[in-house]
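Naming: A, B, ... by sequence-line order, numbering from 1 per chain.
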Amino acid sequence: NAGVTQTPKFQVLKTGQSMTLQCAQDMNHNSMYWYRQDPGMGLRLIYYSASEGTTDKGEVPNGYNVSRLNKREFSLRLESAAPSQTSVYFCASSDRGTSYNEQFFGPGTRLTVL
Amino acid sequence: QKEVEQNSGPLSVPEGAIASLNCTYSDRGSQSFFWYRQYSGKSPELIMFIYSNGDKEDGRFTAQLNKASQYVSLLIRDSQPSDSATYLCAVTRQGQGGKLIFGQGTELSVKP
């Protein structure tokens, strides 16, 4: 099992460009999450999907959109990138979206917006 | 006040010593508490979780939860240089879809 995979691993964008970060899991998990990690800030939730067909905003959703394509895949789109979106982006999944379920993290995408 | 707070460190301990990592949270509705370890340039990996008051032990790791004081800690016994990493405390609340709320992390350095 690959677990949670993310593509690309690194990306450099210019201000105003758009891109989609891809995430897939092969653990048959129901819930998926997108976080961003900035120095000294821990991880902050951008969007999550409790189950296939549903998505909800997290703590910092502005400037992002998501698509839960199917049970395996959850993508994050930046429509018009800004330097403030320079960050490391982690996708995670869990069996069920309850308080007791461990989240498994992907390797991350390191994004720089110039 | 941040919902989950950790001392960012760095915390430096000698090899073989006990490392004590602390975390406080502000929401009394917090239900489960997770400790993740993150090596530099890598993704977080779960070490332990706890949701009942008291201690929970797993090998060299012990998580301690005190809901009355809104405090959770992680003890690492016989610390090894390979334990050097950032430790992230995270909490969830009931009915919130399993969303994790993270502290800023504590950097631990174990010196040989």
query = So, for A:F90 and B:Q38, which heavy atoms are closest and what is the spacing to 0.1 Å?
reply =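 Heavy-atom minimum between the residues: CZ-NE2, 3.7 Å.
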query = For the residue pair A:G106 and B:S43, what are the closest heavy atoms and their distance?
reply =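 What the structure gives for the nearest pair is O-CB, 2.9 Å.
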request  = Report yes if some heavy atom in the side chain of A:Y35 is under 4.5 Å from a heavy atom in the side chain of B:L100; otherwise report no.
outcome  =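 The answer is yes; the side chains approach within 4.5 Å.
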key: Close side-chain approach of B:L88 to A:L43, heavy-atom, < 4.5 Å   =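 Sidechains of A:L43 and B:L88: in contact.
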Which bit of [X] is near chain B, if near means a heavy-atom gap under 4.5 Å: side chain, backbone, both or neither?
{"X": "A:F105", "result": "both"}
{"X": "A:Q37", "result": "side chain"}
{"X": "A:R110", "result": "side chain"}

Do [X] and [Y] belong to the same hydrophobic cluster, where Ile, Leu, Val, Met, Phe, Trp and Tyr are linked whenever their side-chain heavy atoms lie under 4.5 Å apart, directly or via other members?
{"X": "A:V4", "Y": "A:Y48", "value": "no"}
{"X": "B:V72", "Y": "B:L108", "value": "yes"}
{"X": "A:L13", "Y": "A:I46", "value": "yes"}
{"X": "A:Y33", "Y": "A:Y89", "value": "no"}
{"X": "A:V88", "Y": "A:V113", "value": "no"}

Does a sphere of radius 6.0 Å around [atom1] in [X] hold more than 12 heavy atoms from other residues, nucleotides or ligands, not counting ones at 6.0 Å or beyond?
{"X": "B:F61", "atom1": "CZ", "result": "yes"}
{"X": "B:K2", "atom1": "NZ", "result": "yes"}
{"X": "B:I18", "atom1": "CD1", "result": "no"}

What distance do [X] atom [atom1] and [Y] atom [atom2] have between them, rounded to the nearest 0.5 Å?
{"X": "B:K99", "Y": "A:Y47", "atom1": "NZ", "atom2": "OH", "result": "12.0 Å"}
{"X": "A:S94", "Y": "B:L46", "atom1": "OG", "atom2": "CG", "result": "11.5 Å"}
{"X": "B:Y36", "Y": "A:E102", "atom1": "OH", "atom2": "CD", "result": "5.5 Å"}

ask   = Taking B:P44, B:G41, B:S30 one by one, which has the highest count of heavy-atom pairs under 4.5 Å against chain A?
value =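 The option with the most such pairs is B:P44.
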key: Contacting moiety of B:E107, where chain A heavy atoms sit under 4.5 Å   =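 Neither; nothing under 4.5 Å.
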